[in-house]
Visitor: 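Below you'll find the structure I mean.
Index from 1, following the sequence.
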Amino acid sequence: MANKNFLDIQNGNFLLIKELEITPKTTYSVLREHFPNNEIWEVGTGYYWLYFYDYAFEDKLFNISFCFKGEQLESLCFCMNDRYTSWEDWSEEYELQTEKYYKQWLTSHIGDKRSFDWGSIDAHYDRKGGRTAIWLSYKI
């Protein structure tokens, strides 16, 4: 069966951050308490983003962004550092290749299923923002 080291598909626990088990019930306050120096963005609409950079998994480094609505973890997105390009080198073709690569990477690690009782996970190219990431969304 596929390697489940970065995500427990049974319960939605995100395991890429080794210092703290991230579950669908992890609150904003808990994450801030454990990582007080991490960059945050208070959107001003009740949403908060908390950022983690250069987390190693297998032979890759990942950047991870957690999105909270108030205290509740709503979603997170992550991407591989080596798939990120500068705007000078950016192309839609490359972003679409990255989306395909991420989907293949997900399949090799968790299988073909993308929707679960706890939420969903998939890779998406955001045409408006011009970037590609793997999005994990929790049912709230």
Visitor: Does the ring centre of Phe78 sit less than 6.0 Å away from the ring centre of Phe52?
Guide: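 Centroid distance Phe52-Phe78: not below 6.0 Å, so no.
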Visitor: Check Cys77 against Trp49 and note the closest heavy-atom contact, atom names and distance.
Guide: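 Answer, listing the atom of Cys77 first, then Trp49: SG-CZ3, 4.4 Å.
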Visitor: I'd like to know if the side chain of Ser91 pairs up with that of Glu93 as donor and acceptor (distance under 3.5 Å, no hydrogens or angles considered).
Guide: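 Side-chain D/A pair, Ser91 to Glu93: absent.
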Visitor: State, to 0.1 Å, how close Ala123 and Glu99 come at their nearest heavy-atom pair, and which atoms those are.
Guide: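 In this case the closest contact between Ala123 and Glu99 is O-OE2, 3.7 Å.
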Visitor: Using 30° and 60° as the class limits, which term best fits the ring planes of Tyr138 and Trp118: parallel, tilted or perpendicular?
Guide: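 Tilted, since the angle between the ring planes falls between 30° and 60°.
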Visitor: Can you list the residues that meet the salt bridge (Lys or Arg N to Asp or Glu O under 4.0 Å) rule with Asp122, with sequence neighbours excluded?
Guide: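 Checked Asp122 against salt bridge (Lys or Arg N to Asp or Glu O under 4.0 Å); matches are Lys103, Arg114.
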Visitor: May I ask you to test the Glu95-Trp90 pair for a side-chain heavy-atom distance under 4.5 Å?
Guide: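 Yes, close enough: below the 4.5 Å cut-off.
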Visitor: Between Asp126 and Arg131, is there a donor-acceptor pair closer than 3.5 Å when you use the side chain of the first and the backbone of the second?
Guide: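 No: the side chain of Asp126 does not pair with the backbone of Arg131.
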Visitor: Within this structure, what is the CG-CG distance for the pair Leu7 and Leu16, rounded to the nearest 0.5 Å?
Guide: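 It comes to 10.0 Å.
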Visitor: Can you tell me how far apart CG (Asp117) and CD (Gln10) are? Round to the nearest 0.5 Å.
Guide: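 So the gap between those two atoms works out to 9.5 Å.
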Visitor: Per the salt bridge (Lys or Arg N to Asp or Glu O under 4.0 Å) rule, what does the pair list look like for residues 73-83, sequence neighbours excluded?
Guide: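 Of all non-adjacent pairs touching residues 73-83, those that pass salt bridge (Lys or Arg N to Asp or Glu O under 4.0 Å) are Lys60-Asp82.
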Visitor: Drop me the distance from Leu76's CG to Ile22's CD1, to the nearest 0.5 angstrom.
Guide: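 Result: 8.5 Å between the selected atoms.
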Visitor: Kindly assign one of parallel, tilted or perpendicular to the pair Phe6 and Phe14, based on the angle between their ring planes and the thresholds 30° and 60°.
Guide: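 Perpendicular: the ring planes of Phe6 and Phe14 meet at over 60°.
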Visitor: Sort out for me which residue in Trp41, Tyr28, Phe68, Phe66 forms a ring-ring contact (aromatic ring centres under 6.0 Å, His included) with Tyr48.
Guide: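 The ring-ring contact (aromatic ring centres under 6.0 Å, His included) with Tyr48 is passed solely by Tyr28 among Trp41, Tyr28, Phe68, Phe66.
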Visitor: Between Phe116 and Ile121, does a side-chain contact (heavy atoms from CB on, under 4.5 Å) hold up when you go through it step by step?
Guide: CA-CA 9 Å; Phe116 305 93; Ile121 185 169; 4.0 Å; yes
Visitor: Taking Trp135 as the fixed residue, which of Ser65, Cys67, Ser75, Ser120 is the one that meets the side chain to side chain contact (heavy atoms under 4.5 Å, CB included) rule?
Guide: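 Single pass found, and it is Ser75.
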Visitor: With a 4.5 Å cut-off on side-chain heavy atoms, are Leu73 and Leu31 touching?
Guide: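 They are not in contact (no side-chain heavy atoms under 4.5 Å apart), so the answer is no.
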Visitor: Please give me the minimum heavy-atom distance between Arg32 and Asn38, naming the atom from each residue.
Guide: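 Smallest heavy-atom distance, with atoms named: NH1-O, 3.1 Å.
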Visitor: Side-chain contact, heavy-atom cut-off 4.5 Å: Leu96 with Arg127?
Guide: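 They are in side-chain contact.
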Visitor: How long is the straight-line distance from OG1 of Thr26 back to CG of Asn13, given to the nearest 0.5 Å?
Guide: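 If I round to the nearest 0.5 Å, the distance is 7.5 Å.
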Visitor: For the CG atom of Asn63 and the CG atom of Asp54, what is their distance to the nearest 0.5 Å?
Guide: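 The CG atom of Asn63 sits 5.5 Å away from the CG atom of Asp54.
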Visitor: Take a 6.0 Å sphere around NZ of Lys139 and say whether it holds more than 12 heavy atoms from other residues, nucleotides or ligands.
Guide: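 More than 12 heavy atoms, drawn from other residues, nucleotides or ligands, come within 6.0 Å of this atom.
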Visitor: Taking a hydrophobic cluster as the set of Ile, Leu, Val, Met, Phe, Trp and Tyr residues connected by side-chain heavy atoms closer than 4.5 Å, whether directly or through intermediates, do Ile9 and Phe62 fall within one such cluster?
Guide: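 Shared cluster, yes.
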Visitor: Would you say that Tyr101 contacts Thr132 through its side chain, given a criterion of any heavy-atom pair below 4.5 Å between the two side chains?
Guide: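 Not touching, per the 4.5 Å side-chain cut-off.
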Visitor: Looking at Ala56, is its backbone amide N or carbonyl O close enough to the side chain of Lys18 to form a donor-acceptor pair, meaning the two atoms are under 3.5 Å apart?
Guide: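 Answer holds: no.
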Visitor: Going by the rule side-chain hydrogen bond (donor to acceptor under 3.5 Å, both in side chains), which residues pair with Tyr125 if we only count those two or more places apart in sequence or in a different chain?
Guide: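 In terms of side-chain hydrogen bond (donor to acceptor under 3.5 Å, both in side chains), with neighbours along the sequence ignored, Tyr125 is linked to Glu92.
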Visitor: Working to the nearest 0.5 Å, report the span between CG of Leu61 and CE of Met80.
Guide: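 Output value for this atom pair is 11.0 Å.
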Visitor: If you group Ile, Leu, Val, Met, Phe, Trp and Tyr by side-chain heavy-atom gaps below 4.5 Å, do Tyr84 and Ile64 land in one group?
Guide: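 Tyr84 does not cluster with Ile64.
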